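As structure tokens, the structure follows; a few thoughts come after it.
Chain identifiers are assigned alphabetically (A, B, ...) following the order of the sequence lines, protein sequences preceding nucleic acid strands; residue numbering begins at 1 within each chain. All figures in this text were calculated on a predicted structure; none of them were measured in a lab.
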Amino acid sequence: MGITEDRGQRTEEEGLEQVLGNSVLLTKLDEIIGWGRKYSFFLYPFITACCGMEFMSLAGPRYDLDRFGSALPRFSPRQADLLMVVGTISHKQAPILVKVYNQMTEPKWVFSFGVCATSGGFYDNYATVQGIDTLIPVDVYVPGCPPRPEMVIDGLLRLQQKVAKERWSDWPRGEAPVTKKI
Amino acid sequence: MSDLAKNLHTEHMVINMGPSHPVTHGTVKFLVTLDGETIVDFDVEIGYLHRGFEKMCENSTWEQVFPYTDRLNYLSPIINNVGYALAVEKLIGIDTPERCKYVRVIVSELSRLADHLTNVAASGLELGAFTAFLYFVEARDLIWDLLESVCGARLTSNYVRIGGLKNDLPDGFKEQTKEVFKRCRELWIDVDKLLTKNRIFIDRLKDVGIMPPDEAIAWGFTGPCLRASGVPYDVRKAQPYLVYDQIDFEIPIGEKGDNFDRYLVRMEEINQSMRIVEQALDKLPDGPINVDMPEYRWQSKDDIYTKIESLIFHFKTVTGGIRVPPGEVYFPVEGANGEVGFYLVSDGSGKPYKCRVRPPCFPLTAAMPRMVKGALIADIVPTFDMIHMIGGECDR
Amino acid sequence: MESITLKKLKERFPDSIMETHSFRGDDTAIVKKEDIFKICEFLRDDNELLYNFMMDLTAVDYYGKESRFEVVYHLYSLKYNMRIRIKVPVPESDCTIDSIIPIWICADWFEREAYDLYGIIFKGHPNLKRILLYEEFEGHPLRKDYPVRGRQPLIGPKN
Ligand code: SF4
């Protein structure tokens, strides 16, 4: 299981941060906001393939994602802040994934569920994207084909840890790097 | 009043549903043209999960194809495994031992159970019956526990091998199955009470998506959807494979071919599958599970370590894959969605020259426009649920 | 013993049937592509055959052979519980064949798929466009000369 730590550097500092700097006030505020955020993920399940069946189990009575404060799937990207990419992303699907990502409001996190989303898995051919991180930034990678629910929960807990540590200056992230301008 | 009706002109509206939409629980896009709430035109676009199944198979050895077949209909992977194994065995011309056949029947039916349970659960969820979803997901998790104890994986099992199986059933499997089925039956009764006589559920499903039998045949329907239209075609009965001819079971058929019939057929098939598993477990004979042909199926570990021929064959099959004689076959099995047929072409090398699967939900999805045109927009959801399109199988 | 289907086909279309065999019990007839429509119609409508299901339609690429492609039909007769496979060689120079949608409507998507993945043109098809891949895709991936990793992304890098 891997977590990407770096978020890319922001070039200019603005607003509140410029005035207050890294003062006690701001770090405490960061902590409170992080604490709040980590228990209230609104997830958008971008389900495409077999991993989705495991996702159903996760939402089901036995594994119950509700316990971790991330039970409420939002089916509109504009209301969600955790993008769960569940399953294989084909090249036909890729523009849609990027679009959904761009529509989400900040702050937002991306969860790569299963080995197909992470690296293309064993579909190394003309049709599939070799990992969604070639398209959008990813926060947590959970391998497995499909990953066991325990593993997903572990990944979710790690994401919570990561979110709790985030600073004011980490946002916004901006559009996905591959976005096509029309 | 008549004046008003004349002057009140409506414009057609085009709505795009999908490809990432909560009810298209795969990835499919509908282009719906609406007049008010009535569907005037309907177009389906598939292919969002095309992962190059055939191309991958052509570049794998015969044994390596199994994991890819798992991910076709990922709700009942073992049926695909069995279908592919049977097709290759037909091509080679081998017959597996009796015990192997029974075990294959048992695991196939468990898979079918999981598939139908998921179908009803997901339909319930999408039509607002969340409790039914929770109940059947619990039942499915129990079935998956059974499968996990057999093959080590919950979902993508990769259990069947050419000329045999990966391993035998674990100890105490029969007792465990008994307990699981007891709980499943309780859950089945609960869901039956919740849905089958539920006014809302009936109103959403009844008389929606009707398919008369002759049209269903022309559109290439198979499986529960065909049987709901009243055509009693089931590969397990029509051309029995494995040991289905020695097992007593019935195939439920519907009357009208609407969505409610499809739901009822699936619910009844859940019961029948449990019956089949129980009978097969009772009749399960002793004996080997693999064919005694070292050029196709590895011998046991003991043999490999102590006998030189076994070692040589093991080395050859592991490094180069098995050799399948040139030729072509088509082998159909009854998948959870309909006839899953494998069409294999071999050129005598270690890889399939062509490995084609007949996807049962491909023609079903193709008939979506026929079923929903003229209906209301809300009818798309139950119809699509009952078609039970599986992306991995439809798009491959 | 030869099955009734093959016998009747040979009697009725002596010139169009190029070859028949029953390898592993699968009755197969290789027919000329000009007559595919007539043959399919006969198979569906003859009272002793009644092949009412078109189960599968696909193509095979025999790269390097004289007639490169082969379109393969699998039919099933519900009444008599029989199956037959019809194979039609299609050369690369004239990569077309008649559409059979008027006989079995479900051939629609199957033909589109064969066009998409193999590039075989079905004459008379009302809506012959790509089905599994996207319009921007060039080439036909299941042809043997298409590279396995010939990716053509719509967005993002070509890794
Ligand atoms: S990781 Fe495995 S289970 Fe998940 S979508 Fe990919 S192939 Fe399917």
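The shortest non-hydrogen separation linking B/P326 to C/F23 is O-CZ, 3.7 Å.
By number of non-hydrogen pairs under 4.5 angstrom with chain C, the leading residue of B/L91, B/V345, B/L49 is B/L91. Between chain C and the options B/A367, B/G52, B/P332, B/G341, heavy-atom pairs under 4.5 Å are most frequent for B/P332.
In this structure, CG in B/L364 is found 10.5 Å from SG in C/C106, a value given to the nearest 0.5 Å.
Interface remark: B/P325 contributes side-chain atoms only to the contact with chain C (heavy atom separation under 4.5 Å). Using a 4.5 Å cut-off between heavy atoms, B/V44 contacts chain C through both its backbone and its side chain. Contact annotation for C/L78: only side-chain heavy atoms (C-beta onward) come within less than 4.5 Å of a heavy atom of chain B. Looking at C/L117, only its side chain comes within 4.5 Å of chain B, counting heavy atoms on both sides.
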Chain B against chain C: donor-acceptor pairs under 3.5 Å:
residue, atom, partner, partner atom, Å
C/R24, NE, B/K90, O, 2.9
C/R24, NE, B/L91, O, 2.9
C/R24, NH2, B/L91, O, 2.9
C/R24, NH2, B/I92, O, 3.2
C/D26, OD1, B/K90, NZ, 2.7
C/D26, OD2, B/Y330, N, 2.8
C/M55, O, B/R358, NE, 2.6
C/D56, OD1, B/R356, NE, 3.2
C/D56, OD1, B/R356, NH2, 2.6
C/D56, OD2, B/R356, NE, 3.2
C/T58, OG1, B/K354, NZ, 3.1
C/A59, O, B/K354, NZ, 2.8
C/D61, O, B/Y353, OH, 2.6
C/Y63, N, B/Y353, OH, 3.3
C/N81, OD1, B/Q239, NE2, 3.2
C/N81, ND2, B/A238, O, 2.7
C/R83, NE, B/Q239, OE1, 2.7
C/R83, NH1, B/E339, OE2, 3.1
C/R83, NH2, B/Y233, OH, 3.0
C/R83, NH2, B/Q239, OE1, 3.2
C/R83, NH2, B/E339, OE1, 3.3
C/K87, NZ, B/E328, OE1, 3.3
C/K87, NZ, B/E328, OE2, 2.7
C/C106, N, B/A218, O, 3.3
C/E113, OE1, B/R396, NH2, 3.4
C/E113, OE2, B/R356, NH1, 2.9
C/E113, OE2, B/R396, NH1, 2.8
C/E113, OE2, B/R396, NH2, 3.4
C/Y118, OH, B/K354, NZ, 2.9
C/P141, O, B/K55, NZ, 2.9
C/R143, O, B/K55, NZ, 3.0
C/K144, NZ, B/E58, OE1, 3.3
C/K144, NZ, B/Y353, O, 2.9
C/Y146, O, B/K55, NZ, 2.9

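Residues forming a side-chain contact (heavy atoms from CB on, under 4.5 Å) with C/E48 (at least two apart in sequence, or on another chain): C/I4, C/K8, C/D46.
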